[in-house]
Every structure is written in structure tokens, then in C-alpha cells.
Amino acid sequence: MMSKTTQKKTSSKKNIISTQSNLNKVQVMGILNVTPDSFSDGGQFTCFNSALKQVEQMIDNGVDIIDIGGESTRPGAVDVSAQDEIDRVIPLLKVIKSRFDINISIDTSKVEVMSEAIIYGADMINDVRALQNKGCLDVVAQSDIAVCLMHMQGMPRSMQGNPQYKSIIDDILEFFKQRINCCEQHGINKDRLVLDPGFGFGKTLAHNYELLAKLTQFKSLSLPVLAGISRKSMIGNLLNREVNERLAGSLAAAIVAIQQGATIIRVHDVQESVDAINVLRAVAQYKS
Ligand code: YH5
């Protein structure tokens, strides 16, 4: 049988921010890292072709959004230049958009990368710095692209040092309200926004599990909530598992996040996550 991904479909695409109000609206965001440390030989050609293969596989496995990142934001990661990030991400964005009918999110905090991503047809900017870098609000305001505003305490290099909150939920809610206000003042309508509490970004293990337990509280802002927990230290440190042993823990966390109101789940393992969500959907249809 011909692969589902060999032809760009002409049918109309789902809007990236779903307006449905049941489990059908849950979307899987597949992670596509294009940082040199994500490829053993660091070679450009290998990187590009391996990335395209991963895209095809994710689409076949039922991904809704592919999140392309050219900057490593793991704790302790080094900075990359805007040009390096553009060179990693934009050629891939162009090819994916010409070959496949799939929503693409670009994981970046740099205004130069956002600007190029918008030109070449990205559907969402996923910014772990929530458009706080200079010029980002204006560039995004001049487009009609969706934005994920993520909360982070501190900066990637040092954020896991000694994170502290008065009340983690209230502090993050306050941050979201401020960023939503800034967006609206710059002309970015609320209906373009997604909120993300930023699991692992300046949070202790206890903070992360408190966030997961109380995730429903972010629904009070009436915007879609994204949860990115896949393979993170909150799974590894809880279970004492290496990065490649975190699938079961990640799936359990993804399901809990959905039950707590998250509607976009950012994951490495698309096929397994779609299966887990489909089990949840099968149950949900019998709930009154
Ligand atoms: C996120 O939560 N995360 S990049 C460390 C890991 C595994 C994965 C030690 N970008 C998020 O995925 N964007 C990243 O194991 C994100 N939400 C949004 N919106 C970090 C990451 C990771 C880090």
C-alpha cells in the first residue's frame, strides 16, 4: 500500500488551534530536534534526510503538529547563533511544507528565526521564552500564526540551580496573564495563543508533579494548554530511568495531563502516544 505521506493532500487541513470541546480535540505534537548533538555524525546531509524520514514516519503514525527545534534548551545547553538556527530549521520547513500537508511549529526564541519561519509557512511559533525577546511580539503580530507561550523560571543554563516559588500555580498564572496582556496590546489576538507551564524549566521534581496534579487550574484562562513531559528528568528522576527507558513513564504522564485538561501533548514517541490517547478516547465515548 502506498504510504500515507507520499502525496500532499488537497483536502482542507484542521486548524492548528482546535475549537472542539471533547477528547477529539487532543493533538499530538511530535518533537523533531535538528541540533547537531541529535545526530551522531553532525553531518548536514544525514541530518536533513534523517529529519525528513522522521517527518514521514510521524505523519504515518498520526501526528497533528510537528515541532521543529534548532536550539537546545536542555539544562546547561550552549547558545547558538540566529543564522545557525535558521540554517538548521528553515530549509527543512520549506521542504516539509512543499511535500506534506501537516501543521508545523517552530521551537525558537529568536526574532530572526520567527520572521523566516513565518515567511516559509510555519503554523505556530513555540517559544520557551514566551515572546519576551526584543522584537518578537511585533514580528508575530504582523502574521496570523499561532503562538505557544511557555513559562520558564531563569534561563536554560542555570534554571535548575535552585528554583523557588511562592505558589507555583499562582506564579505561573500571573506570568500567563501578563504575557496574554502583552500579546493583546501588540495586536496578537487571544484566539492565537496556547499556554504551557513549561515542565522541567526552572522546576524541581516536586514542582513538576504539583503542576501536573493541578494542571486544570490553567483552564481558568480559557486557552488551550500544552504539556511537554516526554522523556524529561521528571520521569527519569522519579523512576531512576535513563533517557531511552522513559517511554512508559512518559505515556502515563501524557494521559494524566490530558485528563487534567491539556489538549496538546508534546512527545518524542508519536505512535505510542497516539495509541495511548486512542484508548482514552475509546473509554470516553461511554462516559456520561
Ligand atoms: C516544553 O515542555 N520542552 S525542549 C530534556 C529531556 C527531554 C526533553 C533530559 N521545548 C518544551 O524537550 N516547548 C522543550 O531529557 C518545549 N514545552 C514547549 N512548548 C526540552 C525537552 C527535553 C529536555
Side-chain angles (χ1 to χ4, degrees), residues 16-17 27-35 37-38 54 64-80 85 88-89 103-110 113-114 117 122-132 136 140 145-157 159-160 163 172 175-176 179 192-205 207-209 211-212 215 218 223-247 249-251 253-254 257 262-270 273:
I16 193 160
I17 296 185
Q27 292 182 301
V28 172
M29 171 185 269
I31 301 169
L32 185 61
N33 280 320
V34 286
T35 50
D37 51 273
S38 51
Q54 284 182 67
D64 299 290
I65 305 163
I66 296 176
D67 186 43
I68 308 177
E71 177 204 22
S72 179
T73 43
R74 287 180 184 214
V78 290
D79 296 338
V80 285
E85 220 182 295
R88 288 175 196 168
V89 163
N103 282 316
I104 299 294
S105 149
I106 301 293
D107 190 342
T108 190
S109 296
K110 295 192 178 74
V113 183
M114 289 181 192
D123 302 277
M124 177 187 271
I125 296 294
N126 172 25
D127 184 3
V128 299
R129 294 174 185 83
L131 304 184
Q132 291 177 100
C136 291
V140 169
I145 197 167
V147 190
C148 177
L149 301 171
M150 199 197 79
H151 173 271
M152 164 164 61
Q153 186 180 88
M155 284 295 151
R157 207 188 290 266
M159 65 190 176
Q160 290 307 98
I172 296 177
F175 171 81
F176 283 153
R179 295 315 298 159
R192 295 167 58 188
L193 304 178
V194 171
L195 305 176
D196 180 349
F199 287 96
F201 284 85
K203 282 114 188 160
T204 63
L205 186 64
H207 288 143
N208 285 313
Y209 281 93
L211 263 187
L212 186 53
L215 205 60
F218 298 114
L223 290 177
V225 173
L226 185 153
I229 305 177
S230 181
R231 297 188 192 172
K232 284 188 179 170
S233 298
M234 67 178 278
I235 305 297
N237 292 347
L238 181 81
L239 306 173
N240 198 14
R241 300 284 185 226
E242 294 301 323
V243 170
N244 63 353
E245 303 170 332
R246 298 179 185 174
L247 176 60
S250 299
L251 292 175
T263 51
I264 304 177
I265 301 297
R266 185 177 177 276
V267 303
H268 297 85
D269 305 283
V270 170
S273 302

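None of the values given here were measured: they were computed from a predicted structure. Atom set for the values below is all heavy atoms of this structure, side chains included, hydrogens, waters and symmetry mates excluded. Just follow the structure's listing: the first ligand is 1, and inside any ligand the first atom is 1.
Interface of Cys148 with ligand 1, defined as ligand atoms under 4.0 Å from a residue heavy atom, comprises 19 (N). If you number the atoms of ligand 1 from 1 as listed, the ones under 4.0 Å from a heavy atom of Arg231 come out as 6 (C), 7 (C), 15 (O). Short contacts between ligand 1 and Arg246, defined as distances under 4.0 Å to a heavy atom of the residue, involve ligand atoms 9 (C), 15 (O). Ligand-side atoms of ligand 1 in range of Asp107: 10 (N), 16 (C), range being under 4.0 angstrom from any heavy atom. Which parts of ligand 1 touch Asp196 is read off a 4.0 Å heavy-atom cut-off, strictly below it: atoms 1 (C), 2 (O), 17 (N), 18 (C), 19 (N).
For the pair Gln153 (side chain) and Phe201 (backbone), a donor-acceptor distance under 3.5 Å is absent. Remark: side-chain polar atoms of Asp67 are not paired, donor with acceptor, to backbone N or O of Ile31 under 3.5 angstrom.
With distances taken over non-hydrogen atoms, the option nearest atom 2 (O) of ligand 1 out of Arg266, Lys232, Met150 is Lys232.
Between Ser273 and Leu251 the shortest side-chain heavy-atom distance falls below 4.5 Å. Counting heavy atoms from C-beta on, the side chains of Gln132 and Arg179 come closer than 4.5 Å. Residues Asn103 and Asp64 have side chains not in contact (no heavy-atom distance under 4.5 Å, counting atoms from C-beta outward).
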